[in-house]
Amino acid sequence: MRGELLLRSTESGEHLRLAGAGAWTAENAGALEPLIGAETRGRRRRRAIKTVSIDMARVEKLDTFGAWLLERLSRSWKARGCATQIVGLNERYSGLLDEVRQTNRATPVDPHGHGNSVIDTLRLIGVSVAEVWHDIVGVADMLGAVAVALARVITRPHTFRLTSTVHHLTRVGWNAVPIVLLITFLIGCIISQQGIFHFSKFGADIFVVDMIGILVLREIGVLIVSIMVAGRSGSAYTAELGAMKMREEIDALRTMGFDPVEVLILPRIIALLIAVPILTFLGSMAALYGGGLVAWLYGGIDPDIFLSRLKETITLDTFQVGMIKAPFMALVIGLVACVEGLQVKGSSESLGRQTTSSVVKSIFLVIVLDGAFAMFFAAIEK
Amino acid sequence: MAGNGGAGTSNQEAVIRVRDLVVAFGSTVILDHIALDVYRGEVLGFVGGSGAGKSVLMRTIIGLLPKHEGRIEVFNSDLSAITERERQAIERRWGVLFQQGALFSSLTVRQNVQFPIRESLDISDRLLDEIAYAKLEMVGLPPDVGDKLPSELSGGMTKRVALARALALDPEIVFLDEPTSGLDPIGAGDFDDLIRTLQQTLGLTVFMVTHDLDSLHQICDRIAVLADRKVIAAGPLSAMLASEHPWMKAYFRGKRSRFAGL
C-alpha cells in the first residue's frame with residue numbers, strides 16, 4: 001500500500017524515530033491522516049518513549065495539508081511530554097510550517113451548545129409562538145402603512161403611481177386570465193361530473209345545477225382564484241421585494257426621500273385589489289360554463305333547462321357573497337407577500353425561505369378568512 | 001515550486017502561455033491576437049483601462065468565456081485539446097478569487113472554505129475542520145468567523161474568506177480579480193502583504209487583475225498592460241515607467257500616480 005511509504009516508525013529504547021517520505025500533499029492527506037492517528041493514539045502503552053524525532057528529509061513535497069498533519073503529529077507527542085523535534089525538512093518549507101504552527105491554537109467554541117432537551121423543546125415552542133405574534137404585528141403594521149400611504153395619495157393625487165399600478169395590473173390580472181379560466185373551467189367540469197354520477201343514483205340529477213351554482217358562486221370561484229393568485233403573484237411580489245432588499249435598492253429609495261410603501265407596495269396592492277375581483281368573476285363564469293357543458297354532454301341536462309334551473313336557485317345574494325370576499329382575499333395576499341418580501345436578509349436561501357412562507361401563509365389566511373366569512377354570512381342569514 | 005520573489009524570471013518555466021488569442025462578443029472584438037506568458041512563482045499584475053478586457057482574458061483562461069481563436073496552455077497542456085477529466089485535474093491546481101468574493105451565501109464561512117476540499121478529497125471531518133480553520137487563520141481571520149454567514153461579513157473579511165476558499169486545495173496558480181477594490185487604503189495594503197506572504201510561503205504563481213497602483217508597486221514582479229485590444233507591454237515596473245506609449249504614460253505617470261515624481 002502506498003500509504004505505508006508516507007510514514008514509518010522505528011523505536012530504540014526511549015527514542016522514537018518517525019520517517020516521512022513521498023508527497024505530503026492534499027491528494028495524500030486521506031491516506032496520511034490515519035497513519036498519523038495510529039502513531040499517536042494507538043501507542044499509549046509505550047510510555048517509555050521520552051524523545052521523538054520526525055525525519056522529513058525524504059518528503060519531496062509539502063503543502064498546507066501535509067504541514068498541518070506534521071504539526072498535529074508533533075503537537076500530540078509534545079502534549080504527552082516528549083521532547084519532539086523535526087529534522088531534515090527542506091529549507092523552502094520552513095516558512096509554511098511556521099505559518100501553520102500559528103493556527104488551530106484555540107479550539108473554537110460550539111455556539112449552539114447542548115442543553116436539556118425538554119428546555120430546548122419548550123424554547124422552540126416559545127420561539128414559534130413569538131414568531132406568530134411577530135407575523136400578526138408585521139401584517140397589521142403593513143396594513144397601517146398602506147392605509148397612511150393611501151390617504152397621502154388621495155390628498156395629493158399627482159403622487160399616485162399610475163404607470164406602476166397599470167404595469168402590475170397587467171401582470172397579476174390580464175396575464176393570469178388564461179390560466180385562471182382554464183383551471184376554474186376544469187374544476188366546474190369535475191364538480192358537475194361527480195354530482196351527476198352520485199345524484200343520479202337516487203334520481204336527483206337536476207339538483208346538480210343547484211349544487212354547482214351555489215358552490216361555485218359562493219365558495220369555489222373566489223377560493224380557487226385566491227389560491228392561484230397567492231401562488232402566482234404573491235410569490236412574485238415577495239421575490240421581487242426581497243431581491244430589491246438584498247441589493248439595497250429599498251434603502252436607496254428611502255435615502256432619496258421616497259416612501260417604499262408608497263412607491264413599491266401601494267401600486268402592487270391596488271393592482272391586486274382590482275385584479276382579484278375581476279378574476280373571481282371570470283373564474284366563476286368559466287366554472288359555471290364547464291359545469292353546464294358537462295351536465296349537458298354527460299348528464300343529458302339541456303342548456304335551457306340548466307339555465308332556467310340556475311335562475312330559480314341563484315339569487316343576487318349568492319353572487320354577492322362570493323364577490324364581496326374577493327377584495328379581502330386580495331388584501332391578505334398582498335400584505336403577507338410584501339411583509340415577507342421586506343423580511344428577506346442577505347442570503348439567497350433566505351429569499352427562498354421567505355417566498356415559501358409567503359405562499360404558505362397567504363393560502364392559509366385565505367382559507368381562514370373564508371371560514372370567518374362563512375360564519376358571518378350564516379349569522380346574518382344570507 | 002519555491003516562492004522566489006525575485007523579478008528576474010524571464011528564463012523560467014511559463015505555467016500559463018497564451019498565444020494569438022481572439023475573444024469577441026458578436027462582432028465586437030475584445031482581445032485581438034494577444035500573447036502573454038506567466039512564469040512559475042511570479043506575481044503578474046495585469047492592468048488596462050476599465051472595459052479594456054482584463055477580466056475577459058482572465059475569464060477566458062479559466063474557461064468561463066469561449067475563445068474564438070488561439071491557444072491557451074496551462075501547465076504545458078493546451079486547454080482546448082484535453083479531455084474533461086484532465087481539465088478537472090488542472091482546475092484543481094488553480095484557485096480563483098472573484099471581484100465580489102462569490103461566496104456561497106447559504107453556507108457558513110467554514111463550509112465555504114471546506115466546499116472544494118470536501119468535493120475532491122476523501123478526508124475525515126476532523127481534518128476538514130482543522131484545515132478550514134488553518135486556512136482562515138492564514139488569511140488573518142479569527143476562528144469564530146467560521147460560523148458566520150457571508151451576509152454578516154464586511155467587505156474586507158469577504159475578500160479574505162474568498163481568498164481562503166481560493167487557496168483551499170493548495171493550488172499552484174491563483175487568479176485574483178481586483179483583490180483590493182472596495183477596500184480602504186490600509187485594508188488594501190494589508191491584503192497586498194497577505195498575498196505576498198502567502199505567495200512566498202506556498203510558492204504560488206499569482207495572476208492579478210488590478211487597478212491599484214500601490215499593489216503594482218508593492219507586490220508585482222512583472223506588469224502586463226492591455227490596451228487597444230492587445231498586450232502592449234510586459235515587464236517590471238521600471239520598464240513601464242520608462243515607456244513612451246501615451247496610455248501607459250497617462251496611467252503610470254498621470255496625476256494620480258505615486259510614481260509621477262520618480
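Letters A, B, ... mirror the listed sequences (proteins, then strands); counts begin at 1.
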Flag the one option from B/T197, B/D122, B/I131, B/I123 with the top tally of heavy-atom pairs under 4.5 Å to chain A.
B/I131
Out of curiosity, A/E240 CD to A/T355 OG1, how far, rounded to the nearest 0.5 Å?
10.5 Å
Indicate yes or no for a side-chain donor-acceptor contact from B/K159 to the backbone of B/Q99 under 3.5 Å, with no hydrogens or angles considered.
yes
In terms of heavy-atom proximity below 4.5 Å to chain A, should B/A168 be classed as side chain, backbone, both, or neither?
backbone
Looking only at B/L167, B/D170, B/L149, B/D129, most heavy-atom pairs under 4.5 Å shared with chain A are made by B/D170
Side chains of B/V74 and B/R93: closer than 4.5 Å at any heavy-atom pair?
no
Chain B heavy atoms under 4.5 Å from A/L97: which part of the residue, side chain, backbone, both or neither?
neither
Nearest-0.5 Å distance, CD of residue B/Q88 to OG1 of residue B/T83
9.0 Å
